[in-house]
Asks: 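Have a look at the structure that comes next, please.
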2 protein chains.
Amino acid sequence: MKKTYSISDLADEFDITTRTIRFYEEKGYLSPKRDGTRRIYSPPDRTSLRLILRGKRLGLSLDETAELIRMYGSAQGNRQQLEKFIVRIGEKRAELERKQRDLAVMLSDLKNVEDQCQLALAEYGNSMNNTSEIS
Amino acid sequence: MKKTYSISDLADEFDITTRTIRFYEEKGYLSPKRDGTRRIYSPPDRTSLRLILRGKRLGLSLDETAELIRMYGSAQGNRQQLEKFIVRIGEKRAELERKQRDLAVMLSDLKNVEDQCQLALAEYGNSMNNTSEIS
DNA sequence: CATTACGTTTACGTTAACGTAAAGCATGAT
DNA sequence: ATCATGCTTTACGTTAACGTAAACGTAATG
């Protein structure tokens with residue numbers, strides 16, 4: 001049950017073009033196997049792609065996302081390296097947590113606007129009811 | 001107490017260049033008053049800039065952010081317009097909520113890596129203690 | 001009064017992240 | 001056999017969001 005995917009399988013699944021997938025490979029963010037000349041994607045390849053697209057949705061650059069993906073892979077090294085690594089993780093987390101706060105504020109603002117709209121709509125509903133009662 | 005800001009006041013405060021601020025104006029996302037030829041920014045101008053930068057951090061395009069800013073301003077119009085508007089708000093909210101989920105997953109993944117690192121570091125700490133006890 | 005600091009406009013340059021098109025190979029269906 | 005389908009490489013084009021530089025105005029300061 002070693003499932004594999006063609007390039008358009010993935011393109012369809014993630015709603016992107018094959019050009020995009022080839023571009024990611026060209027830049028070194030994907031390295032699928034080949035069947036002759038054709039690209040064969042494994043489940044890990046698929047996961048990498050998903051992570052890339054997730055980062056993209058959050059406004060990370062491909063390089064930033066690639067760094068995160070590398071981070072997921074390995075928590076190894078000597079003490080010095082580990083300590084530096086933890087600092088780096090902390091920076092990334094701070095960045096993501098700021099995005100989280102930004103998002104919370106935007107969603108709250110948006111909800112306020114939505115409530116205002118609903119109120120205005122309710123007014124329309126009332127006048128409609130009134131006029132329909134009058135007529 | 002009608003506070004105003006120069007272009008470099010805002011550039012310093014938000015840690016961007018004056019070029020960036022002029023670019024936003026050139027594209028119609030800001031419209032400061034003028035003192036002769038010099039740009040004078042009001043608190044609302046400053047707020048607009050903050051909203052733009054917030055959107056940018058979340059990976060929104062300037063146009064998308066501008067649409068959000070327009071949304072904040074006005075919940076008016078006839079019933080048809082209000083209904084369309086609410087649908088549009090719902091779409092935006094869905095998009096932002098997806099970002100929220102993406103962020104939660106990334107932060108969780110990052111925390112796992114961090115924990116692994118801490119564990120590895122603790123190992124180093126133990127062997128250090130051991131060797132120091134031995135020596 | 002020359003320098004320093006801050007502002008202005010105009011305009012060409014740059015980078016990331018793809019889009020688009022051309023030209024060709026392989027394979028299964030009609 | 002040829003037609004459609006799906007894959008390939010190569011390569012030039014495009015857009016957003018600024019960077020960078022030139023050339024200039026103005027106002028305070030040593």
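Keep in mind the model is a prediction, meaning the values are calculated, not measured. Naming convention: chains lettered A, B, ... in sequence-line order (proteins, then strands); numbering from 1 in each chain. Just the heavy atoms: all of them, side chains too, but no hydrogens, waters or symmetry mates, feed the values below.
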Asks: For B:Thr18, answer base if it contacts any base atom (sugar-phosphate contacts may also be present), sugar-phosphate if it contacts only those atoms, and nothing otherwise; contact means non-hydrogen atoms under 4.0 Å.
Replies: nothing
Asks: Send over the distance from A:Asp35 CG to D:dC7 P, rounded to a whole Å.
Replies: 12 Å
Asks: Nearest nucleotide by nearest heavy atom, which residue falls closer to the 5' end of DNA chain D, B:Asp63 or A:Ile7?
Replies: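 The 5'-side residue here is A:Ile7.
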Asks: Rounded to whole angstroms, how far apart are OH on A:Tyr29 and C1' on C:dA16?
Replies: 9 Å
Asks: What nucleotide, of C:dT8, D:dT9, D:dC18, holds the atom closest to the side chain of A:Arg34?
Replies: D:dT9
Asks: Rounded to the Å, how far apart are A:Ile52 CD1 and C:dC18 C1'?
Replies: 14 Å
Asks: For the side chain of B:Arg38, counting heavy atoms from C-beta on, which of D:dG25, C:dG19, C:dA17 is nearest?
Replies: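 Closest nucleotide among those given: D:dG25.
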Asks: When you measure only distances, ignoring hydrogens and angles, does the side chain of B:Arg19 come within 3.5 Å of the base of D:dG19 through a donor and an acceptor?
Replies: yes
Asks: When the distance from CD1 of B:Ile21 to C1' of D:dG19 is rounded to whole Å, what number comes out?
Replies: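 B:Ile21 atom CD1 is separated from D:dG19 atom C1' by 15 Å.
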Asks: Is it true that atom CD of B:Glu91 has more than 12 heavy atoms of other residues, nucleotides or ligands lying nearer than 6.0 Å?
Replies: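 Counting neighbours around CD of B:Glu91, more than 12 heavy atoms of other residues, nucleotides or ligands fall under 6.0 Å, so yes.
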Asks: I want to check one thing: is the phosphate of C:dA26, taken as OP1 and OP2, less than 4.0 Å away from some side-chain N or O of A:Thr37?
Replies: no
Asks: Please check if any side-chain donor atom of A:Ser48 sits under 3.5 Å from a side-chain acceptor atom of A:Asp45, or the reverse.
Replies: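 Side-chain D/A pair, A:Ser48 to A:Asp45: absent.
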Asks: Say whether, by atom type as modelled, one donor and one acceptor occur between the side chain of B:Ser8 and the main chain of B:Ala11 under 3.5 angstrom.
Replies: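 Checking the backbone N and O of B:Ala11 against the side chain of B:Ser8, no donor-acceptor pair under 3.5 Å is found.
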Asks: Look at the side chain of A:Arg22 against the base of D:dT8 and say whether a donor-acceptor pair falls under 3.5 Å; ignore hydrogens and angles.
Replies: no
Asks: Give a yes/no on whether any side-chain N or O of B:Lys56 is located under 4.0 angstrom from OP1 or OP2 of D:dC18.
Replies: yes
Asks: Which heavy atom of B:Gly59 sits nearest a heavy atom of B:Glu64, and at what distance?
Replies: O-OE1, 4.4 Å
Asks: At less than 4.0 Å, is any side-chain N or O atom of A:Tyr24 found next to OP1 or OP2 of C:dA17? Yes or no.
Replies: no
Asks: Taking only side-chain N and O atoms of B:Ser6, does any of them lie within less than 4.0 angstrom of OP1 or OP2 on C:dC6?
Replies: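 Negative; the distance criterion is not met.
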Asks: Does C:dG19 have its OP1 or OP2 closer than 4.0 Å to a side-chain nitrogen or oxygen of A:Thr20?
Replies: yes
Asks: Please report, rounded to the nearest Å, how far the P atom of D:dA17 is from the CZ atom of B:Arg57.
Replies: 16 Å
Asks: Quick one: B:Glu26 CD to D:dA17 C1', roughly how many Å, whole number?
Replies: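 Taking atom C1' of D:dA17 as the reference, CD of B:Glu26 is at 11 Å.
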Asks: Counting only N and O atoms by type, is there a donor-acceptor contact under 3.5 Å from the side chain of B:Lys99 to the main-chain atoms of A:Arg57?
Replies: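 Checking the backbone N and O of A:Arg57 against the side chain of B:Lys99, a donor-acceptor pair under 3.5 Å is found.
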Asks: Under 4.0 Å between a side-chain N or O of A:Arg39 and OP1 or OP2 of D:dT9?
Replies: yes
Asks: Measure from NZ on A:Lys33 to P on D:dC7 and round the result to the nearest Å.
Replies: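 Rounded to the whole Å, the gap is 19 Å.
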Asks: For B:Ile16 and B:Lys56, what are the C-alpha separation, side-chain angles and deciding distance, and is it a side chain to side chain contact (heavy atoms under 4.5 Å, CB included)?
Replies: CA-CA 12 Å; B:Ile16 56 181; B:Lys56 185 188 170 187; 5.5 Å; no
Asks: Could you tell me how far apart A:Leu62 (CG) and C:dC18 (C1') are, to the nearest whole angstrom?
Replies: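 Taking CG of A:Leu62 and C1' of C:dC18, I get 10 Å after rounding.
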Asks: Which sits closer to the 5' end of DNA chain C, B:Tyr41 or A:Leu60, going by the nucleotide each is nearest to?
Replies: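 Its nucleotide being nearer the 5' end, the pick is B:Tyr41.
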